[in-house]
2 protein chains.
Amino acid sequence: MATGRTHRPATRSRGIPEATVARLPLYLRALTALSERSVPTVSSEELAAAAGVNSAKLRKDFSYLGSYGTRGVGYDVEYLVYQISRELGLTQDWPVVIVGIGNLGAALANYGGFASRGFRVAALIDADPAMAGKPVAGIPVQHTDDLEKIIDENGVSIGVIATPAGAAQQVCDRLVAAGVTSILNFAPTVLSVPDGVDVRKVDLSIELQILAFHEQRKAGEEAEAAGESEAVIQTPKESGKGPDGDVPAVMPA
Amino acid sequence: MATGRTHRPATRSRGIPEATVARLPLYLRALTALSERSVPTVSSEELAAAAGVNSAKLRKDFSYLGSYGTRGVGYDVEYLVYQISRELGLTQDWPVVIVGIGNLGAALANYGGFASRGFRVAALIDADPAMAGKPVAGIPVQHTDDLEKIIDENGVSIGVIATPAGAAQQVCDRLVAAGVTSILNFAPTVLSVPDGVDVRKVDLSIELQILAFHEQRKAGEEAEAAGESEAVIQTPKESGKGPDGDVPAVMPA
DNA sequence: ATGTCTTTGTGAACGCGTGCACAAAGATGG
DNA sequence: CCATCTTTGTGCACGCGTTCACAAAGACAT
Ligand SMILES: NC(=O)c1ccc[n+]([C@@H]2O[C@H](COP(=O)([O-])OP(=O)(O)OC[C@H]3O[C@@H](n4cnc5c(N)ncnc54)[C@H](O)[C@@H]3O)[C@@H](O)[C@H]2O)c1
Ligand SMILES: NC(=O)c1ccc[n+]([C@@H]2O[C@H](COP(=O)([O-])OP(=O)(O)OC[C@H]3O[C@@H](n4cnc5c(N)ncnc54)[C@H](O)[C@@H]3O)[C@@H](O)[C@H]2O)c1
């Protein structure tokens, strides 16, 4: 560990908390908007409001990146855009493949938000032979048989899975074997991957179920506060039964 | 108004942690699969593996719902499916509207995972007059002008926003004013809503940026390990439980 | 240079989530 | 009925993330 400076990791700090990393894109988006409006500097209070977070949290987040602010003034917008972009690895181009070009996969391929952030759709891959060669969003769909070759030739390290759930693990295994080390999974399945591979999942169904939980809780509290019956404003028409008073259909043995 | 949220001493264990709520759909999915295979009971260990979580965490999660397991045996699959469904509010039907029927909105409308979980697409809404009346996924698209009427007549409390970012806040405001109290937002914007309204966001761009960060970090560590040993990344000094943990960032005065 | 004013950067306290480890509970077998 | 074995339910400790509150740092005016 013979190093000139043992401490002071500052700008090269590897210890950025995961929660902070997840917020950096949020700050970056707000800063980009300010940059487009040619705003030179911004205070933590203003930027926090734009990003929808607490200002103390924002300052602490930035403190992990280093001291890029000026006391009494705020942060230099352009400089901060660059620093966060660099930290997130957006100063380089990331080729991405999308596997499973159905409803969702096609929508993703058509999404403009990719390129604007340094991500480039390098290839679209589907198992359906009828789709091979057919262009989606201007990119010809390629067959799954060539998956390994495509990954290798394009130097792809990020893969997006938009296949049915049943095929997801298999696709995932092939992607990983071919060299992909980051996966964004839209299929409602738990993917198992070796160490060193990152998986993030986007599950619409889960999000809706979480909303439903809170919705039910709100309705329950409202009914409770009102007095009794669940005849509140937003009771689904068809549902005759309320969230309460149901009887378990099955009892454990 | 009516921000009285503090006096909730939990009449009957109504204090389920948010992190637990977010995992319940995961358990439910795994349990549903077991149910379809007619598996009668499952241990916390097996179910945890299927859901991709720690078994102790799963047991603690279930303990918030009550004691539904049998020691020495495990959990009754059917009963647990029912209990979690009830807790999440999935025993009732939730009408949902999707606003913004473009690439993504159309994909969502076509998504079968909605109905299978108790969510019903009550209406599709778009601002483009050319789309009005045109059926998407068998449901005719309606114009934004009728948004309030649609929400009201269908008793909708959950709305999905899939419009461009610039229109999202405006759409959100109208949804909320019309009575929607839960919103799933796909547009890359921070939505501001009054108290009592829940917003969850799905941001593909953010997910990719988080993956890119880790990807870059992996590449950096690799290069570092290959040749340049500038600094020791992390030296696990004591495998035991050292109370000191991370090195506090020392400030050179 | 000195004082005032603004805003950052961070120490410290707190709360939440996680995972270990084990006693209690119940099943199962003799 | 008792012994043993399996698995739950949870007390506890630890670490991470959030938030407060404030001293320090710099800008700016005089
Ligand atoms: N559509 C949505 O809005 C939505 C929302 C949330 C989650 N999802 C999930 O995303 C996934 C895709 O949804 P979708 O609506 O696009 O389905 P889809 O059926 O329209 O598309 C699936 C595509 O994957 C292809 N495919 C199947 N097996 C493959 C394989 N082994 N290798 C490569 N390609 C393969 C099919 O040919 C098809 O083109 C599903 O898992 C779904 O649950 C979709
Ligand atoms: N396509 C994707 O994969 C993807 C991924 C992540 C995020 N997003 C986000 O989702 C949103 C939609 O993306 P898209 O690709 O479907 O865009 P799109 O342009 O294809 O569709 C947008 C639709 O919204 C409608 N619209 C516009 N203003 C409206 C208003 N005020 N009220 C009602 N409808 C209105 C338009 O008529 C259009 O049909 C965007 O914010 C995008 O950033 C999309």
Side-chain angles (χ1 to χ4, degrees), chain A residues 7-11 13-24 26-27 39-49 51-77 79-80 83 210 252-253, chain B residues 6 8 10 13 15-24 26-27 39-49 51-77 79-80 83 210 234 236-253:
Chain A
H7 300 305
R8 200 68 195 127
T11 48
S13 169
R14 277 345 189 269
I16 301 180
E18 190 59 30
T20 295
V21 173
R23 280 188 294 268
L24 290 182
L26 229 50
Y27 303 143
V39 177
T41 61
V42 65
S43 72
S44 64
E45 205 69 50
E46 294 167 323
L47 185 55
V53 303
N54 183 295
S55 71
K57 194 187 293 186
L58 177 143
R59 286 198 300 275
K60 178 141 289 193
D61 282 343
F62 286 175
S63 79
Y64 293 117
L65 309 183
S67 295
Y68 296 144
T70 306
R71 297 175 190 224
V73 175
Y75 298 92
D76 182 279
V77 172
Y79 187 60
L80 202 47
Q83 289 299 343
I210 295 172
Chain B
T6 17
R8 196 80 185 104
S13 73
I16 302 180
E18 190 59 29
T20 295
V21 173
R23 280 188 295 267
L24 290 182
L26 230 50
Y27 302 144
V39 177
T41 61
V42 65
S43 71
S44 64
E45 205 69 50
E46 293 167 324
L47 185 55
V53 302
N54 183 294
S55 70
K57 195 187 293 185
L58 178 144
R59 288 197 298 276
K60 178 144 292 190
D61 283 342
F62 286 175
S63 78
Y64 293 118
L65 310 183
S67 294
Y68 296 143
T70 307
R71 297 175 191 224
V73 175
Y75 298 91
D76 183 279
V77 173
Y79 186 62
L80 203 47
Q83 290 298 343
I210 295 172
Q234 67 172 34
K237 296 186 176 180
E238 298 176 17
S239 298
K241 38 189 67 177
D244 76 354
D246 280 338
V247 179
V250 179
M251 274 264 304

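Since the model is a prediction, treat every value here as computed from it, not as a measurement. Letters A, B, ... are given to chains in the order of the sequence lines, protein chains preceding strands, and every chain is numbered from 1.
Applying the side-chain contact (heavy atoms from CB on, under 4.5 Å) criterion to A:P40, with sequence neighbours excluded, gives no partner residue. Residues passing the salt bridge (Lys or Arg N to Asp or Glu O under 4.0 Å) test with B:R59: none are found, sequence neighbours excluded.
Atoms CD (B:E45) and P (D:dC5) sit 19 Å apart, rounded to a whole Å. In this structure, CG of A:D76 is placed 16 Å from P of C:dT7, rounded to the nearest angstrom. Regarding B:Y75, its OH atom lies at a distance of 15 Å from the P atom of C:dA27, rounded to whole Å.
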Which nucleotides of nucleotides 22-30 of chain D have their base under 4.0 Å from a protein heavy atom (B), which only their sugar-phosphate (S), and which neither (-), written as one string 5' to 3'?
--BBSS---
Start with the C-alpha distance between B:I16 and B:L65, add both sets of side-chain angles, then the distance that settles side chain to side chain contact (heavy atoms under 4.5 Å, CB included), and finish with yes or no.
CA-CA 8 Å; B:I16 302 180; B:L65 310 183; 3.6 Å; yes
Determine, stepwise, if the pair A:E18 / B:I210 fulfils side chain to side chain contact (heavy atoms under 4.5 Å, CB included).
CA-CA 9 Å; A:E18 190 59 30; B:I210 295 172; 3.9 Å; yes
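The side chain of A:S44 contributes an N or O atom lying less than 4.0 Å from OP1 or OP2 of C:dT8.
Aromatic pair B:F62/B:Y68: centroids not less than 6.0 angstrom apart.
Across all their heavy atoms, B:Y75 and B:G69 have their closest contact at CD2-CA, 3.4 Å. The shortest heavy-atom contact between B:K60 and B:S63 is O-OG, 2.6 Å.
The distance from atom CG of B:L47 to atom CG of B:L26, rounded to the nearest 0.5 Å, is 9.5 Å. How far OG1 of A:T20 is from OH of A:Y27: 7.0 Å, rounded to the nearest 0.5 Å.
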Under 3.5 Å, which N/O atoms of the protein pair with N/O atoms of nucleotides 15-19 of chain C?
| from | atom 1 | to | atom 2 | distance (Å) |
| --- | --- | --- | --- | --- |
| C:dT18 | OP1 | B:R23 | NH1 | 3.0 |
| C:dT18 | OP2 | B:R23 | NH1 | 3.2 |
| C:dT18 | OP2 | B:R23 | NH2 | 2.9 |
| C:dG19 | OP2 | B:K57 | NZ | 3.1 |
| C:dG19 | O6 | B:K60 | NZ | 2.8 |

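Rounded to 10 degrees, the angle separating the terminal helix axes of the helix from C:dA1-D:dT30 to C:dG30-D:dC1, each built from five base pairs, is 10°.
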Please list every donor-acceptor pair under 3.5 Å in which a side-chain atom of residues 51-58 of chain A meets a protein atom from a residue at least two apart or in another chain.
| from | atom 1 | to | atom 2 | distance (Å) |
| --- | --- | --- | --- | --- |
| A:N54 | OD1 | A:A56 | N | 2.7 |
| A:N54 | OD1 | A:K57 | N | 3.4 |
| A:S55 | OG | A:E45 | OE1 | 3.4 |

